[in-house]
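Let me begin by presenting the structure, written as structure tokens, before commenting on it.
The chain is numbered in sequence order, starting from 1. Atoms considered below: every heavy atom in the structure, side chains included; atoms not considered: hydrogens, waters and symmetry mates.
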Amino acid sequence: MKQFLDEDFLLKSDTAKTLYHSYAKEMPIFDFHNHLSAREIYEDRCYENIAQVWLGGDHYKWRAMRAFGILEEHITGIKGNDYEKFKAWAETIQAAIGNPLYHWTHLELQRYFDIHEPLMPENAKEVWDKCNELLGMKEYSVRNLLRMQNVRALCTTNDPLEDLEYHKKLRDEHFQIQVMPTFRPDRAIALEKEDFVLYVKELGEKVGYELTSIDLLLDALKERLDFFGQMGCLVSDHSLECNIYRYSEGDEADFIYQKKLAGKEISDTEYAKYRGFLLSALGREYHRRQMVMQLHIGALRNNSSRMFEITGADSGFDGMNDFHYAPDISALLNSMDKTDELPKTVLYCLNPNDMEMLAVMAGNFQGGQMKGKVQLGAAWWFNDHKTGMEKHLEDLANVGILPTFIGMLTDSRSFLSFPRHEYFRRILCGKLGTWVEDGEYPSDMAYLGKVVQDICYGNAAAYFGIFV
């Protein structure tokens with residue numbers, strides 16, 4: 001019987017083992033999409049216990065705990081005891097057979113804390129004590145947790161209103177790990193949200209003038225984009241959840257914008273026209289600045305209204321949508337491409353049924369002597385498990401050029417999440433190894449080793465424009 005999570009975990013062939021141990025294992029990490037706190041990095045926070053760093057803000061774990069029948073008090077409860085939360089997680093994870101959380105949890109225990117025993121209720125106190133003893137040491141501060149996993153650069157996720165104080169302080173300090181902001185103007189684009197008018201007012205106050213027209217709104221966003229660029233921003237991010245695109249001229253988009261400011265009813269088509277106009281305009285700005293545009297497509301937010309009232313957003317009640325959007329995303333990309341102003345673009349889908357469609361869509365807008373200008377983004381959120389990653393690699397290889405892929409990301413709020421890159425790298429090497437062992441690709445280890453290293457780090461570094 002094979003040992004659990006040994007050095008050859010997920011590596012079923014000799015080719016896979018060679019690719020991982022000789023080429024992938026020591027590659028640095030560029031985590032170009034996550035939700036980490038630049039303030040915690042600057043202040044070099046030390047967590048009091050493993051529950052805080054592991055369970056705080058991690059809606060992946062919260063969903064699993066609810067499914068296992070854990071009381072909400074021991075999941076997100078403010079009054080919940082940290083050890084009780086950790087013990088509840090130990091009970092849950094023992095039952096998470098086949099779930100990537102089981103693998104992530106034990107990779108993190110091994111890589112950070114040198115704990116190789118499976119976590120279960122019987123040893124929860126022992127694991128708790130050992131982790132907390134180490135976390136109490138300065139060697140386990142946030143910055144050192146990043147260093148342990150050889151993180152070279154990362155991109156946080158930031159609203160245009162943010163002052164990026166801690167990004168600036170980290171830059172001024174010349175911190176060895178690049179911590180860069182991501183421009184995420186969702187609240188300016190989501191015309192359908194109840195707080196849209198309030199957000200426009202706040203953005204106007206930030207730039208110092210009233211945003212009475214869509215042109216002025218766009219001017220304000222460009223001002224903030226310039227500021228983000230000064231703070232090292234290389235990438236934008238957009239969550240597209242419905243009504244993605246309809247063509248609209250500026251005058252029509254402004255008419256819709258004025259209707260919203262006046263409190264009038266907006267139709268679904270008008271929402272799509274407003275969103276399409278603003279996304280296209282911003283995309284051309286990203287192109288001008290040589291920035292990357294990320295499009296995360298298909299979340300269905302806050303499904304339980306009852307729990308939204310109790311726990312708020314981003315607490316584990318979002319799901320995947322199943323709407324059809326191929327014509328919309330094609331039209332959106334074409335609206336910029338037709339004037340050769342399409343920026344480098346990464347397309348992520350939450351519903352795996354859309355993965356092949358987006359892989360083919362990316363191929364429609366390649367060119368310009370750039371390898372992989374439009375990317376099928378990594379298996380995201382509900383897809384970042386073994387099956388989802390393998391499907392992503394197969395879909396990309398089937399209709400695209402796999403060696404141009406920019407690789408994995410954590411999309412995480414936890415400073416212990418970086419072994420997820422190792423998880424992906426093992427799956428990548430396993431997949432390539434299978435193709436070689438099955439006689440579908442020659443055993444050219446020099447070339448395949450370079451492909452692995454490029455996907456692990458080199459392609460993303462070149463694509464986003466970092467060289468560290």
Query raised in the report: Got a salt bridge between R39 and E43, using NZ or NE/NH1/NH2 to carboxylate O under 4.0 Å?
Result: yes

Query raised in the report: Is E241 salt-bridged to R275, going by a charged N under 4.0 Å from an acidic O?
Result: no

Report task. Say whether, by atom type as modelled, one donor and one acceptor occur between the side chain of Y140 and the main chain of Y112 under 3.5 angstrom. Result -> yes

Query raised in the report: With no hydrogens and no angle check, is any side-chain donor or acceptor of R45 less than 3.5 Å from a backbone partner on E40?
Result: no

Report task. Decide yes or no on side chain to side chain donor-acceptor pair (under 3.5 Å) for D215 and S213, but give the supporting numbers first. Result -> CA-CA 5 Å; D215 286 340; S213 70; 5.1 Å; no

Query raised in the report: If only atom types and distance count, is the side chain of T410 paired as donor or acceptor with the main-chain N or O of N34 below 3.5 Å?
Result: no

**Report entry** Residue pair I189, F196: steps toward the side-chain contact (heavy atoms from CB on, under 4.5 Å) verdict
**Finding:** CA-CA 8 Å; I189 294 175; F196 176 82; over 6 Å; no

Requested in this report: Please report the C-alpha distance between E249 and Y247 in whole Å, then the side-chain angles of each, then the deciding distance to 0.1 Å, and finally whether the side chain to side chain donor-acceptor pair (under 3.5 Å) criterion is met.
Outcome: CA-CA 7 Å; E249 296 283 356; Y247 174 76; 2.3 Å; yes

Query raised in the report: CZ/F418 to CG/L36 distance, rounded to the nearest 0.5 angstrom?
Result: 5.0 Å

**Report entry** Candidates E270, E252, E265 - the one meeting salt bridge (Lys or Arg N to Asp or Glu O under 4.0 Å) with K259
**Finding:** E270

Query raised in the report: With the threshold set at 4.0 Å, does a side-chain nitrogen-carboxylate oxygen contact exist between E202 and K206?
Result: no

**Report entry** K168 bridged to D172 by N-O distance under 4.0 Å
**Finding:** yes

Query raised in the report: If you draw a 6.0 Å radius around CG in L198, do more than 12 non-hydrogen atoms from other residues or ligands fall strictly inside?
Result: yes

Query raised in the report: Judged by atom type as modelled, is there a donor-acceptor pair below 3.5 Å linking the side chain of T105 to the main-chain atoms of Y102?
Result: no

Report summary line: On a heavy-atom basis, the closest approach of F228 and T182 is CE2-O, 3.7 Å

Query - Spatial distance of atom CD1 (I214) from atom NZ (K260) [nearest 0.5 Å] - result: 13.5 Å

Requested in this report: Report the C-alpha distance between R143 and E173 in whole Å, list the side-chain angles of each, state the deciding distance to 0.1 Å, and finish with yes or no for salt bridge (Lys or Arg N to Asp or Glu O under 4.0 Å).
Outcome: CA-CA 13 Å; R143 295 192 187 196; E173 181 189 305; 2.5 Å; yes

Requested in this report: Carefully, step by step, assess F32 and F464 under the rule ring pair (Phe, Tyr, Trp, His ring centres under 6.0 Å).
Outcome: CA-CA 9 Å; F32 50 86; F464 290 88; 4.8 Å; yes

Query raised in the report: With a cut-off of 6.0 Å (strictly less than), are more than 12 heavy atoms of other residues, nucleotides or ligands near CG of D251?
Result: no

**Report entry** Option among R301, H296, Q294 that satisfies the side-chain hydrogen bond (donor to acceptor under 3.5 Å, both in side chains) test with S239
**Finding:** R301

**Report entry** Full working for side-chain contact (heavy atoms from CB on, under 4.5 Å) between I266 and I256
**Finding:** CA-CA 7 Å; I266 309 294; I256 297 166; 4.1 Å; yes

Query raised in the report: Does R63 reach the main-chain N or O of G316 with its side chain, forming a donor-acceptor pair under 3.5 Å?
Result: yes

Report task. Kindly indicate, with the supporting measurements, whether the criterion ring pair (Phe, Tyr, Trp, His ring centres under 6.0 Å) is fulfilled by F405 and H392. Result -> CA-CA 11 Å; F405 176 43; H392 171 274; 4.7 Å; yes

Query raised in the report: How far does CG of L432 sit from CG of L402, to the nearest 0.5 angstrom?
Result: 6.5 Å

Query raised in the report: Do any N or O atoms from the side chain of R426 and from the backbone of F9 form a donor-acceptor pair under 3.5 angstrom?
Result: yes

Requested in this report: Any chance you could lay out the side-chain contact (heavy atoms from CB on, under 4.5 Å) test for M361 and I329, step after step, and finish with the verdict?
Outcome: CA-CA 8 Å; M361 188 65 68; I329 201 69; 3.8 Å; yes

Query raised in the report: When the aromatic ring centroids of H238 and Y286 are compared, is their separation below 6.0 Å?
Result: yes

**Report entry** Charged tip of K344 within 45° of Y463 ring normal and under 6.0 Å
**Finding:** yes

Requested in this report: Check for a donor-acceptor pair, side chain of S315 on one end and backbone N or O of G312 on the other, with a separation under 3.5 Å.
Outcome: yes

Report summary line: Which of M27, E422, M408 passes side-chain contact (heavy atoms from CB on, under 4.5 Å) with C456? It is M27

Requested in this report: With side-chain contact (heavy atoms from CB on, under 4.5 Å) as the test, would you mind laying out the steps for Y325 and L358 before giving the verdict?
Outcome: CA-CA 10 Å; Y325 56 87; L358 285 186; 3.8 Å; yes

Report task. Identify the two heavy atoms, one from L278 and one from A188, that lie closest to each other, and give their separation to 0.1 Å. Result -> CD2-O, 3.6 Å

Query raised in the report: For the atom pair CD1 (I41) and CZ (F415), what is the distance rounded to the nearest 0.5 Å?
Result: 4.5 Å

Query raised in the report: Thinking salt bridges, do E285 and R288 make one under a 4.0 Å N-O criterion?
Result: yes

**Report entry** Intermediate values then yes/no, side chain to side chain donor-acceptor pair (under 3.5 Å), N351 and D354
**Finding:** CA-CA 6 Å; N351 192 321; D354 301 332; 4.9 Å; no

Requested in this report: Hey, could you give me the CG/CZ distance between L282 and F183, rounded to the nearest 0.5 Å?
Outcome: 6.0 Å

Query raised in the report: Is the backbone of E394 close enough, under 3.5 Å, to the side chain of N398 for a donor and an acceptor to pair up by distance?
Result: yes

Report task. Check step by step if side chain to side chain donor-acceptor pair (under 3.5 Å) holds for E210 and T212. Result -> CA-CA 6 Å; E210 192 174 357; T212 55; over 6 Å; no

Report task. Kindly state whether the ring of H74 and the ring of W62 have centres lying under 6.0 angstrom apart. Result -> no

Report summary line: Only one of T311, L55, I310 passes side-chain contact (heavy atoms from CB on, under 4.5 Å) with T76, and that residue is T311

Requested in this report: Verify whether the ring centers belonging to H385 and H103 lie closer than 6.0 Å.
Outcome: no

Report task. Measure from the side-chain N and O atoms of N383 to the backbone N and O of L350, and report whether any donor-acceptor pair falls under 3.5 Å. Result -> yes

**Report entry** salt_bridge(E72, R306) N-O dist < 4.0 Å
**Finding:** no

**Report entry** Electrostatic pair D195:R187 at N-O distance under 4.0 angstrom
**Finding:** yes

Query raised in the report: More than 12 foreign heavy atoms under 6.0 Å from CZ of F175: is that the case here?
Result: yes

Report task. Determine yes or no for a side-chain-to-main-chain donor-acceptor pair under 3.5 angstrom, with E162 supplying the side chain and D159 the backbone. Result -> yes

Query raised in the report: Within 45° of the six-membered ring axis of Y60 and under 6.0 Å from that ring's centre, is NZ or CZ of R420 located there?
Result: yes

**Report entry** Atom pair OG/CG of S141 and L135 - distance to nearest 0.5 Å
**Finding:** 10.5 Å

Report task. Could you pull out the closest heavy-atom pair between Q366 and G372, with the gap in Å? Result -> OE1-C, 3.6 Å

Query raised in the report: So, for F30 and H421, which heavy atoms are closest and what is the spacing to 0.1 Å?
Result: O-CE1, 4.1 Å

Query - Closest approach of P181 to G232 (non-hydrogen atoms, all atoms of both residues) - result: CD-C, 4.2 Å

Requested in this report: Before giving the answer on salt bridge (Lys or Arg N to Asp or Glu O under 4.0 Å), spell out for D226 and K222 the whole-Å C-alpha distance, their side-chain angles and the decisive distance to 0.1 Å.
Outcome: CA-CA 6 Å; D226 287 338; K222 287 190 285 188; over 6 Å; no

